[in-house]
**Q** 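Structure below; questions to follow.
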Amino acid sequence: MKKADVFEFFRRLAEANPSPETELEFGNTYQLLVAVTLSAQATDVGVNKATRALFEYVKTPQQMVDLGEEGLKEHIKTIGLFNTKAKNVIALSQILVDRHGGEVPADRDAMVELPGVGRKTANVVMNCAFGAETFAVDTHIFRVGNRTGLAKGKTPLAVEKQLEKKVPQPFRVGAHHWLILHGRYICKARTPECWRCPEVDLCAFKDKVLDRGARKAAA
DNA sequence: ATCCCGAGGG
DNA sequence: CCCTCTGGAT
């Protein structure tokens, strides 16, 4: 995508949604870290449903350690991969207590050291909690980047590097959310809704779905 | 059957 | 690179 088009792409997203936010619900940075960890292969709606009750009384890593692995499992049973997630969250919480004074470190490398926290999760927390210009490339951003031609790459890391290079300054903090929301609600995995996409004229996607009626008839 | 804001291990 | 963990929605 040409430089001027990239700017226009984000300008429109920003215009439509001036202050984008995560759809995950949380009350502090620690809860955000836990929520993002739980969100692997799960929808935000599903994660929120599980954390609503949990976060009522678990607001610190120490309180999570006190709850324990089995207690946590009871709360997150309805989310996929709950066994591994429960184990990781308890272990991660213990490390925060032991080595970080009960706080989430404002440092990506330190966060990635935590069990269950990879580069993508760390990038989300750095961006949402600390306002860092990080691009957490999840399934949505990977797809949107490659489809549109905004940031092509064979791996999430490659797409991340492209975004670091291409996203212009006024949009670097918000880009993560704009791209995810765009992917979730318009540039969907199965049936992208190009007919109502505000950026369709800037997009390189070859199989654009421009007519809803035609597509329904074909299906 | 396929997807959802992945990470860890082989 | 591959596989596994895992339930709910569509």
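Note on naming: letters A, B, ... go to the chains in the order of the sequence lines (proteins, then strands), and numbering restarts at 1 for each one.
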**Q** Determine the contact category for I180(A): base if any of its heavy atoms lies under 4.0 Å from a base atom, sugar-phosphate if only primed atoms, P, OP1 or OP2 are that close, otherwise nothing.
**A** base
**Q** Between N88(A) and D138(A), just flag the one whose closest nucleotide in DNA chain B comes earlier from the 5' side.
**A** D138(A)
**Q** When you check the phosphate oxygens OP1 and OP2 of dC5(B), does a side-chain N or O of R119(A) lie under 4.0 Å from one of them?
**A** no
**Q** What's K85(A) touching, base or sugar-phosphate or nothing? Going by heavy atoms closer than 4.0 Å.
**A**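 Here K85(A) touches no strand at all.
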**Q** Can you tell me the distance, in whole Å, between the CD atom of E74(A) and the P atom of dG7(C)?
**A**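 That distance rounds to 13 Å.
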**Q** Over how many whole Å does the gap from H75(A) atom NE2 to dG8(C) atom C1' extend?
**A**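 The distance from NE2 of H75(A) to C1' of dG8(C) comes to 19 Å, rounded to the nearest Å.
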**Q** Mind checking whether I180(A) and Y185(A) sit in one hydrophobic cluster, side chains of I, L, V, M, F, W, Y counted as touching below 4.5 Å?
**A**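 In one cluster: no.
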**Q** Counting heavy atoms from C-beta on, name the nucleotide in dC5(B), dA7(B), dT10(C) closest to the side chain of T121(A).
**A** dA7(B)
**Q** Just how far is it from atom CG of L38(A) to atom CZ of F82(A), taken to the nearest 0.5 Å?
**A**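 Here the rounded value is 12.5 Å.
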**Q** Distance check, P atoms only: dC5(B) and dT10(C), in whole angstrom units.
**A** 12 Å
**Q** If you assign F82(A) and T155(A) each to the DNA chain C nucleotide with the nearest heavy atom, which residue ends up on the more 5' nucleotide?
**A**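 That would be T155(A).
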**Q** May I ask you to say what G116(A) touches in the nucleic acid, namely base, sugar-phosphate or nothing, with a heavy-atom cut-off under 4.0 Å?
**A** sugar-phosphate
**Q** So what does V117(A) hit on the nucleic acid, given a heavy-atom distance under 4.0 Å: a base, only sugar-phosphate, or nothing?
**A**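 If one applies the 4.0 Å heavy-atom cut-off, V117(A) turns out to touch the sugar-phosphate alone, with no base involved.
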**Q** If each of T139(A) and P115(A) is mapped to the nucleotide of DNA chain B with the nearest heavy atom, which maps nearer the 5' terminus, i.e. the 5' end?
**A** T139(A)
**Q** The side chain of R190(A) lies closest to which of these nucleotides: dT2(B), dC4(B), dC5(C)?
**A** dT2(B)
**Q** Between E160(A) and R108(A), does any NZ, NE, NH1 or NH2 come within less than 4.0 Å of an OD or OE carboxylate oxygen?
**A** yes
**Q** dT2(B) C1' sits how many Å from K188(A) NZ, rounded?
**A** 14 Å
**Q** Can you find a heavy atom in the side chain of F9(A) that is under 4.5 Å from one in the side chain of F171(A)?
**A** no
**Q** Looking for any heavy atom pair under 4.0 Å, which part of the strands does A136(A) touch: base, sugar-phosphate only, or nothing?
**A** nothing
**Q** Over how many whole Å does the gap from L179(A) atom CG to dC5(B) atom P extend?
**A**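 The answer, rounded to whole Å, is 14 Å.
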**Q** For the C1' atoms, the ones on dC1(C) and on dC4(B), what distance do you get once it is rounded to whole angstrom?
**A**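 Result for the C1' pair: 24 Å, nearest Å.
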**Q** For K49(A) and dC4(B), what is the distance between atoms NZ and P respectively, to the nearest whole Å?
**A**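 That distance rounds to 18 Å.
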**Q** Would R12(A) and D201(A) pass as an ion pair if we require N to O under 4.0 Å?
**A**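 A salt bridge links R12(A) with D201(A).
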**Q** As an exercise, state the distance from CZ of R143(A) to NE2 of H182(A), rounded to the nearest 0.5 Å.
**A**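 NE2 of H182(A) is found 9.5 Å from CZ of R143(A).
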**Q** What is the distance, to the nearest angstrom, from the NE2 atom on H182(A) to the C1' atom on dC5(B)?
**A**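 For the pair H182(A) NE2 and dC5(B) C1', the rounded distance is 16 Å.
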**Q** Across the strands shown, which category fits L92(A) at heavy-atom distances under 4.0 angstrom: base, sugar-phosphate, nothing?
**A**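 It contacts nothing in the nucleic acid.
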**Q** When the distance from OH of Y185(A) to P of dC3(B) is rounded to whole Å, what number comes out?
**A** 18 Å
**Q** How many whole angstroms separate atom CD1 of I141(A) from atom P of dC3(B)?
**A** 18 Å
